[in-house]
Protein chains: 2
Amino acid sequence: MTRSVLFISDHTCITAETIGRSLLSQFPALVFERSRLPYTDSEEKLRHACQRIAELGRRDRQPPLVFSTLADPHLRRLLKTSDGIVFDLFDSFLRRLEVVLGQPAAPAVGRAHGLVDTARGRDRIEALKFALETDDGLRHERYQGADLILVGVSRSGKTPTCLYLAMHYRLFAANYPLTEDDLMGATLPPLLTHCQARLFGLTMHPERLHQFREERRPGSRYASLDQCRWEISAAERLFEAAGIPYLDTSNRSVEEVATRILQKTGLKPERW
Amino acid sequence: MTRSVLFISDHTCITAETIGRSLLSQFPALVFERSRLPYTDSEEKLRHACQRIAELGRRDRQPPLVFSTLADPHLRRLLKTSDGIVFDLFDSFLRRLEVVLGQPAAPAVGRAHGLVDTARGRDRIEALKFALETDDGLRHERYQGADLILVGVSRSGKTPTCLYLAMHYRLFAANYPLTEDDLMGATLPPLLTHCQARLFGLTMHPERLHQFREERRPGSRYASLDQCRWEISAAERLFEAAGIPYLDTSNRSVEEVATRILQKTGLKPERW
């Protein structure tokens, strides 16, 4: 049986949904039907939300679960009168935080989710621009402006990782694809030796790389398992010889690859 | 005085950090020094974490705040013996969820954060690839494969929004920049009329657009306030005439723009 779950917030719902998904993932046997109610920032909108909760409750013949990050105490009180079973982040933690910090919370709608501030917003866009402009070995004359340069063979996951690092950590991350010529050498290509301290290698199980490449160019030498095995082992040899830290991206999400890179490099950007 | 805050998790720390930042943003007068302890998934690593908490507590002469999303009950118990003040997502909500759902949680390290599953992982990478390949009006012959096509004048925020929608919602989002020629016409360019139902407009305060363009080409006609005013009003006229929903991106974060687009279009992708 499917259980209805609503995420409600005065802003984007991203926090409420992150919390809800994290908790519900601990019940893998159950099926949930999720919906979002973002920008619920007035009494009128909250009453609409309560109607929606009541409708779902009647339909399902059981109360929906509601994950809330409403900052306004008045709206939180109203939500508690709904037909849903409410899990409220602020109710659960805020009182205790006020005691610990020795001051009352200053509820501000939207601030909970890190409303844009102009300067930082620009930084992120600059970081994305940098990632796009230096993608796939382009414009390597700009590597001196990079926080990080990801190095790896074609299809090893460099581009999504650079974009994620830009989007969420405002890092200037470039990426350089190791070519066959590079892999046949015993040392790094000269354009990388200038910025060796900022290099980070990505690698992958050859079988997985083979799958990815088959999707791009089925049956090609480029995609063959032999070629993938050779490239991966040559790339890893190069990383080892040059002392470049590296990570296997097989079966890892972009979030996980990004977090592990931060951990291994010691870069400490603020999460967006 | 700065207060130390630690985020601890058996996986990426993204959930713990989202929760912590959301709560701490309600105390805008205070300054926090944040650190992350991701991948704390063994007793040994947890003991290291407790040492770090103790060190910060001694240095600060006050206990650090610790936001935790550890799934393993044993590690949660150990963390509670640390010198920090622990705010634990699972302790706070899981018992009640178990009662409501009528079954025990099945703690699984990492699952809390949506560990990659191969098929979905690929979808996201495909979505990012689509966004990159159709960025800035490129390859409009592929618009039939798009979930959404963002339309707007140069620098109105299309690219970051497309990348965010791809990264977080696996949406295939293309973007098309309205040129002066397009803006001088009274109707949409023909290549857009084929996919009108999937168009979404981005607009911006002319003053803000002017600032952004000045950074790119200072003193140019392209960046002049008059030109920005004209382009924005022509674009909005076009959106209105064609019945295209649109949104002002000024002072909005990429997250917020993305969420509002989903709300306005009724697209209901699962958050990644």
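The basis for the numbers below is simple: all heavy atoms, side chains too, and nothing from hydrogens, waters or symmetry mates. Letters A, B, ... are given to chains in the order of the sequence lines, protein chains preceding strands, and every chain is numbered from 1. Just so you know, these numbers come straight off a predicted model, no measurement behind them.
Contacts between A/Ser35 and chain B at a heavy-atom distance below 4.5 Å are absent for every atom of the residue. There is no contact between A/Pro63 and chain B, counting heavy-atom distances below 4.5 Å. Residue A/Gln103 touches chain B through both its backbone and its side chain, counting heavy-atom pairs closer than 4.5 Å. Neither the backbone nor the side chain of A/Gln62 has a heavy atom closer than 4.5 Å to any heavy atom of chain B. Only the side chain of A/Leu30 comes within contact range of chain B, with at least one heavy atom under 4.5 Å from a heavy atom of that chain. The contact between B/Leu89 and chain A is made by backbone and side chain atoms together, counting heavy-atom distances below 4.5 Å. Within the 4.5 angstrom heavy-atom criterion, atoms from both the backbone and the side chain of B/Arg260 approach chain A. B/Asp91 does not touch chain A: none of its heavy atoms, backbone or side chain, sits under 4.5 Å away.
Most heavy-atom pairs under 4.5 Å with chain A: of the set B/Leu65, B/Val100, B/Leu128, this distinction falls to B/Val100. Among the candidates B/Leu262, B/Ile85, B/Thr159, the residue making the largest number of heavy-atom pairs closer than 4.5 Å to chain A is B/Ile85. Between chain A and the residues B/Leu132, B/Leu101, B/Leu163, the most heavy-atom pairs under 4.5 angstrom are made by B/Leu101.
Once rounded to the nearest 0.5 Å, the distance linking CD1 of A/Ile261 with CG of A/Leu267 reads 9.5 Å.
A side-chain N or O of B/Asp88 and one of B/Ser68 form a donor-acceptor pair less than 3.5 Å apart. A side-chain N or O of A/Asn175 and one of A/Asp135 form a donor-acceptor pair less than 3.5 Å apart.
In terms of heavy atoms, B/Tyr39 sits closest to A/Gln263 at CD1-OE1, 3.4 Å.
Remark: A/Arg96 qualifies as a cation-pi partner of B/Phe87 under the 6.0 Å distance and 45° angle criteria applied to the six-membered ring.
Under the 30°/60° scheme for interplanar angles, the aromatic rings of A/His168 and B/Tyr164 are found to be tilted.
Listed for the A/Glu98 side chain is no donor-acceptor partner under 3.5 Å among the backbone atoms of A/Pro104.
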* Working for side chain to side chain contact (heavy atoms under 4.5 Å, CB included), residues B/Val86 and B/Ser82 -> CA-CA 8 Å; B/Val86 180; B/Ser82 79; 4.2 Å; yes
